[in-house]
Amino acid sequence: MSLLVVGLSHRSAPVSVLERASLSADAQLKLLQDTVAAEPAAEAAVLATCNRIELYADVDKFHAGVAELSTLLAQHSGVGLEELTPYLYVHYEDRAVHHFFSVACGLDSMVVGEGQILGQIKDSLARAQELHTAGRLLNDLFQQALRVGKRAHSETGIDRAGQSLVTFGLEQLAAGGDVRDWARGKRALVIGAGSMSSLAAATLARAGVAEVVVANRTLDRAERLAQILAEADGTDVSARAVPMESVPAELTRADVAVSCTGATGLVLTAEAVATAVEGRTGAPVAFADEDAAATEARPLPPTSVGTDENCPLDLAPAQQAAVPQAPVQQSGFSVMGEAAVAGMDAATLEQHAAWVDNATVDRRVTTRRPEADAELISALAALAAAIGRIPERRKPEPVATLVRPEPVLFLLDLAMPRDVDAAAHRFAGVRLVDIESLSEASADAPMAADVDQVRRIVADEVAAFGAAQRAAHITPTVVALRAMAADVVAGEIARLDGRLPGLDDKHRAEITQTVKRVVDKLLHAPTVRVKQLAAEPGGAGYADALRTLFDLDQETVAAVSRAEDSTEKNAENRGPA
């Protein structure tokens with residue numbers, strides 16, 4: 001097995017990079033085709049979600065494979081290789097299997113334990129099968145990952161640890177309150193009709209919204225989703241479909257909008273959001289931080305002037321901190337003292353050092369030298385550079401707490417790249433939650449105790465998968481060995497017929513069966529044992545040893561492998577489990 005995965009996710013890259021590197025459906029197809037056409041890769045599959053882009057491949061050379069897959073990801077994502085490389089991670093062989101099984105169980109998701117990833121893995125496998133880029137290794141890997149993910153959800157409480165990205169996003173919109181209480185009676189606009197948008201619409205319907213309006217570029221899909229929502233049991237929601245052109249008008253009516261499309265540009269611009277808010281409130285939209293911006297614009301008090309009395313530095317209390325072994329001078333040259341220097345950065349202190357060094361200070365104590373003052377200030381500047389800033393000890397002036405108006409429009413952007421202009425979060429009356437803010441919020445989310453149990457399941461399944469792959473690797477050799485033995489038996493029986501032409505059929509059959517039993521018994525123990533040894537770590541060499549010991553024809557072994565692949569491909573056409 002030579003499984004290699006190269007990718008980036010919310011754990012390795014900022015959302016801004018993920019957004020730029022996101023792959024459209026066409027780009028994913030082209031990436032798969034170019035990967036299998038590349039020299040080191042024999043199979044390929046792409047797993048692209050809102051918070052990860054991963055390329056899986058069966059390669060014959062590790063270093064060449066990493067270089068080729070990284071280059072292909074950069075080419076098809078549109079992000080330069082030099083910029084993309086620091087955010088890429090690489091997993092190989094068993095580590096790649098462990099990573100993928102962890103992904104399938106939701107352990108690597110932004111919201112730990114979410115189950116949507118299983119559907120995305122299934123779609124990824126179906127895409128690779130349709131393009132015939134998935135062979136034996138990737139088919140086995142993806143099928144097993146689906147089984148591992150289902151096992152984790154059925155045997156543990158991982159579902160209690162996590163939730164769907166939609167649910168987590170709605171909780172963020174509700175600002176910690178109960179989602180049902182927050183959603184009850186609201187009008188919802190869902191933009192898009194894919195799997196994520198469908199889940200959002202269904203979740204909102206179950207939460208108790210009064211109306212769900214579905215907008216999609218293909219109106220038929222929007223109408224089907226609206227019909228499913230209207231006919232669903234356990235909900236009493238009004239659902240209807242509209243074309244994408246109606247989104248601006250519907251946004252003015254909506255209380256909450258969820259967008260998750262495959263668009264490469266913005267679906268809701270800042271201007272569109274502002275217009276919707278103005279249409280709801282009847283007043284021009286304002287920035288929520290206008291007062292804060294005005295406060296920050298007020299000039300700060302001067303930090304240095306050209307007189308000794310107004311110099312904000314007091315060397316006496318700072319001398320021991322900067323140069324502990326130096327004697328403390330009792331007379332300082334500043335009346336403002338330590339309070340005024342608190343909070344200064346190293347650059348400002350360096351300016352004061354230069355000021356003192358230029359003898360602009362009117363020295364009151366003749367025994368002090370300007371050079372000594374400059375040295376002490378330089379030492380203090382070095383200290384500030386090492387620890388950041390001199391601690392603020394003055395009592396801060398009271399600052400009025402700005403009260404943000406209650407939102408009149410809630411926006412949930414689950415798309416990558418984003419559908420909603422990030423500038424919309426600055427509007428008063430708007431609460432915007434997107435992938436970036438979800439990533440920040442999920443970093444502090446608690447993890448359930450069941451996660452440890454899922455990790456144990458993943459470790460066991462990785463070991464079992466590796467053993468099965470190693471055992472499968474030797475199977476064609478064992479089959480070729482038994483085929484060679486059968487040919488030897490057939491040849492000896494034919495030679496016996498030549499020597500004993502009068503042998504009747506009954507005795508010939510008995511002799512034939514006896515010879516076959518002898519050969520089978522001689523081969524049974526070695527072939528069973530070699531399969532067991534091959535399944536263990538480092539057992540890949542047993543297949544080579546078997547071919548060498550019995551002088552097996554490599555082409556015969558390869559023919560067995562091709563026959564098995566042909567059988568498996570017929571099964572693949574029936575689709576993933």
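Bear in mind the structure is a predicted one, so any value in this text is a computation, not a measurement.
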Scan for ring pair (Phe, Tyr, Trp, His ring centres under 6.0 Å) pairs involving residues 208-250, sequence neighbours excluded, and state none if there are none. none

Test: ring pair (Phe, Tyr, Trp, His ring centres under 6.0 Å). Region: residues 173-210. Which pairs qualify, not counting sequence neighbours? Trp182-Phe410

Is a side-chain N or O of [X] found less than 3.5 angstrom from the main chain of [Y], in a donor-acceptor match?
X	Y	result
Ser238	Glu211	no
Arg280	Ala254	yes
Ser77	Val79	yes

If we only count heavy atoms from C-beta on, is the [X] to [Y] side-chain gap below 4.5 Å?
X	Y	result
Thr252	Thr275	no
Leu412	Val256	no
Phe100	Val5	no
Asn139	Leu125	yes

Ion pair check, Arg147 and Glu461, cut-off under 4.0 Å: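 Looking at Glu461 together with Arg147, the answer is no, because their closest N to O distance does not fall below 4.0 Å.
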
Enter the distance from Thr133:OG1 to Asp58:CG here, rounded to the nearest 0.5 Å.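 Result: 11.5 Å between the selected atoms.
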
Closest non-hydrogen contact found for Val59 with Ser2 is O-CB, 2.6 Å

Counting only pairs under 3.5 Å, give me each side-chain donor-acceptor contact of residues 223-232, with atom names and distances, residues two or more places apart or in other chains.
| unit_1 | atom_1 | unit_2 | atom_2 | d |
| --- | --- | --- | --- | --- |
| Gln227 | NE2 | Glu231 | OE2 | 3.1 |

Could you work out, with side-chain hydrogen bond (donor to acceptor under 3.5 Å, both in side chains) as the rule, every residue matching Thr49, not counting sequence neighbours? Asn51

Applying side-chain hydrogen bond (donor to acceptor under 3.5 Å, both in side chains), can you list everything that pairs with Arg187, at least two apart in sequence or on another chain? none

For Phe101, which residues count as a ring-ring contact (aromatic ring centres under 6.0 Å, His included) partner, sequence neighbours excluded? Phe465

